[in-house]
Chemist: 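This is the structure I want to talk about, given as structure tokens.
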Amino acid sequence: MKFYLSYVPAQNAEINTVIECQKAGLKTSAFSYATMLLRPEYKNQLDLKYKKKIEAIVRRPDKTEEEETTSPCPYCDFELTDMELSCPECKNQIPYCIATGVHLTKADMGACPKCDFPALYEAFTK
């Protein structure tokens with residue numbers, strides 16, 4: 001399934017980006033997109049229901065972002081962020097967990113008992 005961003009007005013995509021960054025805890029990214037949307041050329045086009053939220057993000061910036069956790073590559077033990085699915089050291093594609101979306105590690109490798117798709121053992125035993 002292809003999703004064409006050209007069908008979505010650019011401003012709506014940026015508003016969604018601000019909202020999703022805020023929800024995900026990426027406060028600095030949300031702040032930078034919100035300040036862009038409040039530039040004079042975009043500000044007049046903002047819908048009122050989003051304008052208040054975006055103005056609040058800019059007025060009271062919380063620029064703290066959670067540090068990304070890291071774990072070793074299952075092939076070469078190179079330390080990389082949990083969401084990376086390709087290792088820059090050994091160039092291997094790393095399988096990801098169907099329950100969490102995090103890449104697998106040697107110490108916690110498992111599979112779904114129904115579909116046999118790779119998963120973190122800990123995620124299935126919780």
Side-chain angles (χ1 to χ4, degrees):
M1 181 174 119
K2 289 186 177 181
F3 180 72
Y4 295 98
L5 279 177
S6 61
Y7 293 127
V8 179
Q11 188 179 18
N12 289 349
E14 288 155 356
I15 290 169
N16 289 339
T17 303
V18 170
I19 293 167
E20 292 303 318
C21 284
Q22 190 74 12
K23 285 180 186 176
L26 303 172
K27 311 273 193 225
T28 305
S29 301
F31 176 77
S32 67
Y33 282 109
T35 53
M36 184 198 62
L37 284 172
L38 288 180
R39 290 182 187 154
E41 60 265 22
Y42 299 117
K43 189 174 184 176
N44 296 338
Q45 300 169 2
L46 279 176
D47 190 1
L48 286 175
K49 71 179 186 178
Y50 299 118
K51 191 173 186 178
K52 296 272 187 207
K53 173 86 172 160
I54 291 171
E55 285 175 345
I57 291 170
V58 173
R59 284 191 186 124
R60 288 180 250 98
D62 179 7
K63 294 186 179 180
T64 58
E65 288 194 4
E66 296 173 10
E67 186 103 5
E68 288 191 65
T69 56
T70 62
S71 57
C73 168
Y75 300 105
C76 68
D77 293 326
F78 179 77
E79 205 62 32
L80 43 105
T81 61
D82 284 341
M83 294 303 194
E84 273 188 81
L85 298 177
S86 60
C87 179
E89 186 72 19
C90 65
K91 308 290 188 235
N92 279 318
Q93 295 298 317
I94 305 170
Y96 63 93
C97 173
I98 60 169
T100 63
V102 175
H103 71 83
L104 298 181
T105 61
K106 280 187 214 174
D108 199 19
M109 204 170 281
C112 172
K114 300 272 185 203
C115 64
D116 207 34
F117 204 79
L120 294 173
Y121 180 75
E122 183 183 321
F124 274 96
T125 57
K126 283 185 181 180

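Numbers here simply count residues along the sequence, with the first being 1.
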Chemist: Are any non-hydrogen side-chain atoms of Phe78 and Pro88 less than 4.5 angstrom apart?
Modeler: yes
Chemist: Return the CD to OH distance between Gln93 and Tyr75, rounded to the nearest 0.5 Å.
Modeler: 9.0 Å
Chemist: What's the spacing between Glu79 CD and Cys87 SG if we round to 0.5 Å?
Modeler: 10.5 Å
Chemist: Decide yes or no for Ile94 and Leu80: does some side-chain heavy atom of the first lie under 4.5 Å from some side-chain heavy atom of the second?
Modeler: yes
Chemist: Within the supplied structure, the quantity of interest is the number of heavy atoms (other residues, nucleotides, ligands) at a distance under 6.0 Å from Lys106 NZ; does it exceed 12?
Modeler: yes
Chemist: For residues Leu120 and Leu104, determine if any side-chain heavy atom of one lies less than 4.5 Å from a side-chain heavy atom of the other.
Modeler: yes
Chemist: Taking all atoms of both residues into account, what is the closest heavy-atom pair of Ala119 and Cys97, and its distance?
Modeler: CA-SG, 3.8 Å
Chemist: Could you state the interatomic distance from NZ (Lys91) to SG (Cys76), rounded to the nearest 0.5 Å?
Modeler: 10.0 Å
Chemist: Are the side chains of Pro74 and Met109 in touch, meaning some heavy atoms are under 4.5 Å apart?
Modeler: yes
Chemist: Contact between Ser71 and His103 at the side-chain level, heavy atoms closer than 4.5 Å - yes or no?
Modeler: yes
Chemist: Go through it in stages, so that I can follow the logic: the residues are Lys43 and Leu37, the test is side-chain contact (heavy atoms from CB on, under 4.5 Å), and I'd like the CA-CA distance, side-chain angles, deciding distance and then a yes or no.
Modeler: CA-CA 6 Å; Lys43 189 174 184 176; Leu37 284 172; over 6 Å; no
Chemist: Side chains of Ile19 and Tyr50: does their closest heavy-atom pair fall under 4.5 Å?
Modeler: yes
Chemist: Flag the pair Cys112 / Ile98 as yes when at least one side-chain heavy-atom distance between them is below 4.5 Å, and no otherwise.
Modeler: yes
Chemist: With a 4.0 Å cut-off, would you call Lys52 and Glu55 a salt bridge?
Modeler: no
Chemist: Can any side-chain N or O of Asp108 pair as donor or acceptor with the backbone N or O of Glu122 at less than 3.5 Å?
Modeler: yes
Chemist: Considering only heavy atoms from C-beta outward, does the side chain of Gln22 approach that of Val18 to under 4.5 Å?
Modeler: no
